[in-house]
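Chain naming here is simple, since letters A, B, ... match the order of the sequence lines and numbering starts at 1 in each.
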Amino acid sequence: MIEPLARRLQILSLSLLALQLLGSDWQSPLCWGSLTLVVMASLKVRNAHRPADLRRGLLAQLIALGVLAGLNPNLGPGLVQAATGLVLVAGLLAQESGGAGNLRQMLSRSGQLLVVCLPLLVLLFLFIPRLGPLWPQAELGRARTGLSEQLDPGSIAQLALDPSPALRISPAQEQDLPPADQRYWRVRVLDRFDGQRWRAGASQGPAQAWAPPAPAPPGAAQQLWLVEPSPLSALPWDGSGVPLNPQITSTAKGELLGPWQTQERRSYGLAASNQPPAWQRQPPARSDLNFAAGSNPQLEALAEGWRQQLPPAQRLAAAQALFQGQPFRYTLQPPPLGEVAPLDRFLFGSRAGFCEHFASAFTDLMRAAGLPARVVVGYQGGSWVPRNLWGRGYLEVLQQDAHAWSEVWLADQGWVRIDPTAWVAPARIRAGLRSGLAGQWADLGLLRQGLPWLRPLARSWTNLDLAWSQLLNYDQASQDELMQRWLGPLRSWQGMVLVVGLALALTLAVGILSLLRPSPRPDQQRRRLDRSLSRLARFQLVPQPGETLPAFCQRAAAQVPELAASLKHLQSSYERLRFAPRGTPRDQERALSRDLGAADRELAAASRRVKRRPVERPQPPEPR
Amino acid sequence: MGSLQQVLAQINGVLLGKSDQVRLAVACLLAGGHLLIEDVPGVGKTTLAEALARSFGLAFRRVHFTSDLLPADLSGLRLFDQQLGQFRFEPGPLFSQVLLADEINRASPRCQSALLEAMAAGRVSVDGTSHELPKPFCVIATQNGLDQAGTSPLPESQLDRFAMRLSLGFPPRQAEAALLSGKSTPLNGLTAVITAGELEELQQQASRVACEPPLLDYVLDLLAASRQGGVATGTPLSPRAGWGLVAAAKAWALLEDRSYVVPADVQAVFPAVAEHRLDGGRPAQEPGGYSRQLLAAVEAIR
């Protein structure tokens, strides 16, 4: 009935699946679906009485595994998924083989099967047409992020630090990157202010009288950008590069928009450009001066004073003097500001906060002082990971490097980046968050940065992960390109190539399996003999019940003398393989098994040579 | 296995034209079982038994069973030794390596049951004392057909203790011609080809012949078929019968000079091993009828 080993293996695979579910994104309905499948499979396996129950539980687990693989396609989860698949197949094998074999044999057999499937997998990966998402996934859950679409400094009392990577920038060489304090990677421009929070205004998207970016100049230095899943539709960029993919456009506000609907890891290339970006010269809108008059009266009064007394550039300097002269403090645990006039309370009361507080207070000040200004959110900084065995070096930017800064419109310079945080905590900008906090977060990221011997390992892993996601980025466009390159204009060949390739891959799989086949099990030996004997059916020679193999062979040889030799060979090789004591060396057993195969071929050849002729009716056997 | 072939050749020289039966009898000895030879008088039962014992160099005693035979005539007596002034055990003819029991079915059941312990356990109890029999020990019994005068059937329990029952039948014409013209070897001209020690060695060798699971399946299927009653069977085969069948098949394989048993070996010994257990002493219409039907009912290609 149910093999205990099969049950144990299924319990193992179920716990592996449960582990992966724990690490999944619970906002996705697919995750709940696979949870249901796993729960159902557990119940099925627990109450299994018949092999069929176990098989159904296994099928449910395989589907759940597939869904999880779609949810978490990265390298680490991928390895766990592969291990789960291995255990699942081993469980099925343990059941189907009726307990013949221990855990190690089952796992290795299962591994062989999976390896055999690899060519098929590569083929399907390359040739199966890619479907777009069946439904828009924009609202499907929110990925982990350091960024959001709005900025509300008053509401945040404590900001959790997320040391997971946000993006990686891989330039041709490290010198192509700007110096550490100039590494501002813009994502979203927030230009609507209601007195409390900043939001992105109605998009002045690419549709609005915006010339597409100039094509990348040939030979320009290229950077590869790899972005972790994010709920924002805008992509991080350096503000000046030219996207190599023509489907990526930039908006008038200086945001980069990709064509993708789904939240997945994305990679794209940017070519360096020495022309000033167009968005920098895009004149401000009227809304860029809106400061929700009356919401922060104290701040507005101060700015009104500047507006009346100082020319625009001097107003900037006055603000800088304000931030540098007063005892402002950079902290990730600012006191709550409340709902009423939060920026007043920050600027003239607590004077403690992080980038969001500084950026929104400064931007509001500038608007109230009559200068068009807006908040930009994005990432700042990053740490350089040198190249190693597997890949080029890259700049790694973490989610905790999320940052907010300001842009001010100066008539003669266009939009100018001003980062008030840099005035208060220059170390935060120069050397990253940890330096800015100076001792507050001594234990932060101990694993990432603390253990020196772990660092190369971690980097190698990251590089592998990077390569893996570049591989997974193979989408419809890359497939089209590959088809174009391989097949030329005859796209209709794709189907044929797919079919022929499938056949080849299956043949290869069967071939590998038969090569890997251990010496056949007894019932397989018996089946082989039956196959051989069935060749004699055309002479109307069929073993009678109670007739032994030698007796049958003798009878057959008497009737068809041409077959006598091969029948003799068949009989002796079969009997030796079947009845000779076990515990013979394995290779000898293999030799016997091959001998049986040779005998079978001899018999086949001999019986082909014999011309069909009328035969007398078979005599009933005479057992001794 | 040259010596075994010599034994076969020597016995075949005495008992002409009966090579199959001779082979089975030798296999029975190699399997360490007791042999029952049944037939009408005068076809060479006793000759075969004696030729076997002589060729294997076994010490044998011959007892002619009659209706007034007493158990003590077989096992021996406790006598009072006047010189020593105490009782002394005087061993009977059982204490030999081969007991030739002539016309065993003429003795009373009481006397036959005296043989039971000796045949099953290789020892004899007299007046509460156990006496071990010499090794190897085997009983070669002959009996006349049940339709002969003055016979009483062997109880089933004793039949089951005989590993094989052979019936010789009349010799073929040529063999009989050779016999009549005096071409057979006289019985007392036989010398031992194999010593008793070598026989023990051969018996052990036979017990080591490999018997693989597919073959055991075949034997088990045969036993199961005998118990099912689907085929026209007699008494179901006992586990002891199964054990004897395997042992005999191993011995047969050894005679065939093979180190493993194949289904053909089982088929070769099956009628001799099983028929007397199946018919319970009441022969079927056709000789060997029950075992033949069983063999034809169970698939033999394994």
Completion exercise
Between A:Pro550 and B:Ala264, the two heavy atoms sitting closest are CG-CB, 4.1 Å
Handout entry: B:Arg240 atom CZ, over 12 foreign heavy atoms within 6.0 Å
Key = yes
Handout entry: From B:Ile301 atom CD1 to A:Arg526 atom CZ, the distance as rounded to the nearest 0.5 Å
Key = 6.5 Å
Completion exercise
Note: A:Phe579 and B:Val262 closest approach over all heavy atoms is CD1-CG1, 3.8 Å
Exercise for the section: For B:Arg161, check side-chain hydrogen bond (donor to acceptor under 3.5 Å, both in side chains) against everything at least two apart and list the hits. Expected result: none
Completion exercise
Smallest heavy-atom separation, A:Arg576 atom then B:Tyr260 atom, equals CG-OH, 3.2 Å
Practice task
Using a cut-off of 6.0 Å, state whether more than 12 heavy atoms not belonging to B:Glu198 lie near its atom CD.
Solution key: yes
Fill in the blank from the handout: Rounding to 0.5 Å, atoms CD (B:Gln267) and CD (A:Glu547) come to a distance of 9.0 Å
